[in-house]
Each structure stands twice: as structure tokens, then as C-alpha cells.
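Heavy-atom basis, side chains included; hydrogens, waters and symmetry copies ignored.
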Amino acid sequence: MFFTNPVILDPGVIIMTINEGDFIKISYTGKLEDGTIFDTTNEEVAKVHNIYNPNGRYGGDVIIIGVNQMIAGLEEDIKEHEAGYEGTVSIPPEKAFGVHLSKLIRDLPLKRFEQKPQVGMMVQYEGKQGKVLKVMGRHARLDFNSPMAGQIITYDYKIEAVLEDLKEKAVGLGALYMSQEMDIEIDGTVARVNVPLEFNYSQHWLNTKAQLALDMLKYTELTEVLYVETYTEELVKPDSEEEEQSEAEESDESESDEPEDPEELEEPGEE
């Protein structure tokens, strides 16, 4: 569906320029003006700067160009380069996380919150996240601007590759949504996504799977996406040891609830 346009510089040398709709794999590290690292695809950097997420996925992200999956300033810079490029870009607030707007600072009655807000606390209000700036009597002042609004953002990044393989695109999208590579089989233009059973307990998956399928169908050559859950007795039955332990605990609780032998009970007043 989408193709890159090759630029031939010298015989035998082809550079793939990046266009709207391309799937690219990118590694990056984002910094604030004071040097604070707020995001990275490098696991070691994340650990060193105390932003490591044990449930996160490191090593690079797959992004579709032109569908607002990254901040505008970074995407604009990427489109000026080609696969293999490595460099740094500084992005002004209006093309990063926005300018800081005074209209997004609001005073709200404390009675609108389930628990009393504390200064510095991040709270949800009408679907938006805000930071508590001040608590004044019966009101709290909240800032609904992005925590990084008004700042110049710097990205060190590398365009690892422009993806052409359909399976790589599908797997990359799955990883972008779920922070882990999913088992996806491609048969012609049909994707069979083997869904881990633990996803049944993930609200994020329940909220995401429709959008993931839509993106696969909209931005790749796929015409159908099948979500497959496979059950076997070994997968769904409780572990025998856990089962025995559970039964033993239930038995102990049952015995502890039984009244003691009346003969062993002391009459009131006996020593």
C-alpha cells in the first residue's frame, strides 16, 4: 500500500527516503532543557536515570509516519532524513508538548474530589490529568497543562530501518500498543494474532484491541485481522500443587471454625 522512494546517489548506492505512511523503527532518548531524561528506548539509560519500567519494551519502537504517533517536531525532522540516520534535534514547545496556557489552570471545589488533594499530587478530573499547585481553604488549584508544556525538548535518535515486511509491520504495531511482541502469523493478507490468555485480565487490552486491528487494516495491506485464543487443559486447569495447598488451607480454616470439645472447656470461675 505504501512505498518508499529510493534515491540513487552513485551506482550501487541506494538511500530510502522516508514518506507518509512508512513504518519505521526508531530508537531515541528524550531530554528536557535541564538535561533530565524523560523517555528512552535504551534499557540501560532508563535504569541509570530511574525511569525504567519493568513492564516496558526496550530496543526501539515501530512508528507510522504521518498518523500523529509522535510529536510534530520529531516527525518533521525524521522526514528530512533516511534509514540509518543518527542525530539530535531540539524542538520548540509549539511542536513538542505545547506552550503553557494559563486557561488550563483552574480552581476547583474540594468536594469534587474523592480524596482531599495534596500539593504536587496528580489527579484525574473529567477525564483529564492535572497537577495540584495549591490547596486554598475549600478549593484546590490544578494545572492541566502537560508537565512538559512550555519546554524545549531535545531528542537523540536513530532511524534503525524502514520496514517493508508485512509481518514486521504487524508485530511492530502490536508491540507499540501492548509493550511486548505478539505472536502474529500472516497468511496472504490475513493476520492471525495469537492472544496470550493473560490478556483476558488486561483492561488495556480490552480497550486497545479494536484500535490495533483498525490500524493494521488501515495502514498495511492486511484485509482481515483474526484474534485467536487457544485453550488447552494444561493452560486452564489450576496447578495441582496450588490446588492441594488451597484445599489444605480450606480444611484448616474449617477445622478452626469447629467448636472445641466441651469437656475441655473450663466452667466460668474455675481456675
Side-chain angles (χ1 to χ4, degrees), residues 26 28 30-33 36-41 46 49-58 61-76 91-153 155 172-180 182 193 195-196 198-219 225 227:
I26 179 176
Y28 57 84
K31 305 174 185 177
L32 302 180
E33 293 179 76
T36 300
I37 290 177
F38 66 89
D39 194 15
T40 183
T41 56
H49 293 273
N50 298 315
I51 58 171
Y52 175 71
N53 178 1
N55 297 317
R57 179 175 176 272
Y58 295 91
D61 285 344
V62 172
I63 302 293
I64 309 173
I65 297 297
V67 298
N68 300 318
Q69 291 183 334
M70 66 183 79
I71 61 176
L74 178 57
E75 183 169 289
E76 288 177 5
I91 305 168
E94 57 270 21
K95 291 188 177 182
F97 295 97
V99 296
H100 196 275
L101 301 175
S102 57
K103 68 180 181 180
L104 293 181
I105 298 177
R106 298 177 59 187
D107 291 343
L108 299 170
L110 295 182
K111 64 182 181 181
R112 295 192 183 182
F113 302 94
E114 293 182 1
Q115 66 180 92
K116 184 178 180 180
Q118 303 292 329
V119 174
M121 178 188 294
M122 301 299 294
V123 299
Q124 290 286 336
Y125 180 76
E126 294 184 344
K128 298 178 181 179
Q129 188 176 60
K131 183 177 181 179
V132 180
L133 300 179
K134 182 187 278 189
V135 178
M136 311 159 290
R138 297 180 181 179
H139 290 76
R141 179 165 295 166
L142 273 72
D143 185 354
F144 290 98
N145 285 280
S146 163
M148 292 176 283
Q151 296 204 48
I152 297 173
I153 303 299
Y155 275 98
L173 271 180
L176 183 65
Y177 276 95
M178 296 305 297
S179 298
Q180 69 180 68
M182 302 178 68
V193 182
V195 182
E198 60 266 24
F199 278 17
N200 287 322
Y201 307 102
S202 169
Q203 188 62 45
H204 177 64
W205 169 247
L206 297 177
N207 294 337
T208 293
K209 62 180 184 179
Q211 186 62 50
L212 173 57
L214 179 61
D215 283 356
M216 287 185 180
L217 296 170
K218 186 176 181 179
Y219 299 113
V225 176
Y227 287 133

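- In this structure the side chain of His204 reaches within 4.5 angstrom of the side chain of Met178, judged on heavy atoms.
- Counting heavy atoms from C-beta outward, Tyr219 and Ile65 have side chains that stay 4.5 Å or more apart.
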Start with the C-alpha gap between Lys209 and Leu214, add the side-chain angles, then the distance that decides, and say whether side-chain contact (heavy atoms from CB on, under 4.5 Å) holds. CA-CA 9 Å; Lys209 62 180 184 179; Leu214 179 61; over 6 Å; no

What's the verdict on side-chain contact (heavy atoms from CB on, under 4.5 Å) for Phe38 and Met148, showing C-alpha distance, side-chain angles and the deciding distance? CA-CA 9 Å; Phe38 66 89; Met148 292 176 283; 3.6 Å; yes

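- Scanning both residues, Leu133 and Val119, for their nearest heavy atoms gives O-CG1, 3.7 Å.
- Aromatic ring pairs are classed by plane angle as parallel below 30°, tilted from 30° to 60° and perpendicular above 60°; the pair Trp205 and Phe199 is tilted.
- The two residues Ala96 and Ile71 come nearest to each other via the heavy atoms O-CG2, 3.7 Å.
- Looking only at distances, a side-chain donor or acceptor of Glu75 sits under 3.5 Å from a matching main-chain atom of Gly66.
- With a 4.5 Å cut-off on side-chain heavy atoms, Gln180 and Pro196 count as touching.
- Inter-residue side-chain proximity for Leu212 and Leu176 is flagged as unmet; no heavy-atom pair is nearer than 4.5 Å.
- Counted within 6.0 Å of CD on Gln124, heavy atoms from surrounding residues, nucleotides or ligands total more than 12; the atom is thus considered enclosed.
- A heavy-atom distance below 4.5 Å is found between the side chains of Val193 and Met182.
- No side-chain heavy atom of Leu74 sits under 4.5 Å from any side-chain heavy atom of Tyr28.
- A search for salt bridge (Lys or Arg N to Asp or Glu O under 4.0 Å) contacts involving Glu94 returns nothing, not counting sequence neighbours.
- Minimum heavy-atom separation, Tyr155 to Ile91: CD1-CD1, 3.8 Å.
- For the pair Lys134 and Leu142, the minimum side-chain heavy-atom distance is 4.5 Å or more.
- No side-chain heavy atom of Ser179 sits less than 4.5 Å from a side-chain heavy atom of Asn55.
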Given the rule in the side-chain contact (heavy atoms from CB on, under 4.5 Å) test, do Arg106 and His139 qualify, once you have shown the distances and angles that lead to the verdict? CA-CA 10 Å; Arg106 298 177 59 187; His139 290 76; over 6 Å; no

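- Legend: salt bridge (Lys or Arg N to Asp or Glu O under 4.0 Å) pairs involving residues 135-146, not counting sequence neighbours, sorted by first then second residue: Asp107-Arg141.
- When all heavy atoms of Leu110 and Ala140 are compared, the pair lying nearest together is CD2-CB, 3.8 Å.
- Closest of all the heavy-atom pairs between Gln151 and Glu33 is CA-OE2, 3.3 Å.
- In plain terms, the two heavy atoms of Val132 and Pro117 that are nearest each other are CG2-CB, 3.7 Å.
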Lys95 vs Glu76, side-chain contact (heavy atoms from CB on, under 4.5 Å): CA-CA, chis, key distance, verdict: CA-CA 9 Å; Lys95 291 188 177 182; Glu76 288 177 5; 3.0 Å; yes

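- Atom CD of Glu198 has more than 12 heavy atoms from other residues, nucleotides or ligands within 6.0 Å.
- Using cut-offs of 30° and 60° for the angle between ring planes, the Phe113 and Tyr125 rings count as tilted.
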Walk me through whether Asn53 and Tyr58 qualify under side chain to side chain donor-acceptor pair (under 3.5 Å). CA-CA 9 Å; Asn53 178 1; Tyr58 295 91; 5.8 Å; no

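- Rounded to the nearest 0.5 Å, atoms CE (Met70) and CD1 (Ile26) are 5.5 Å apart.
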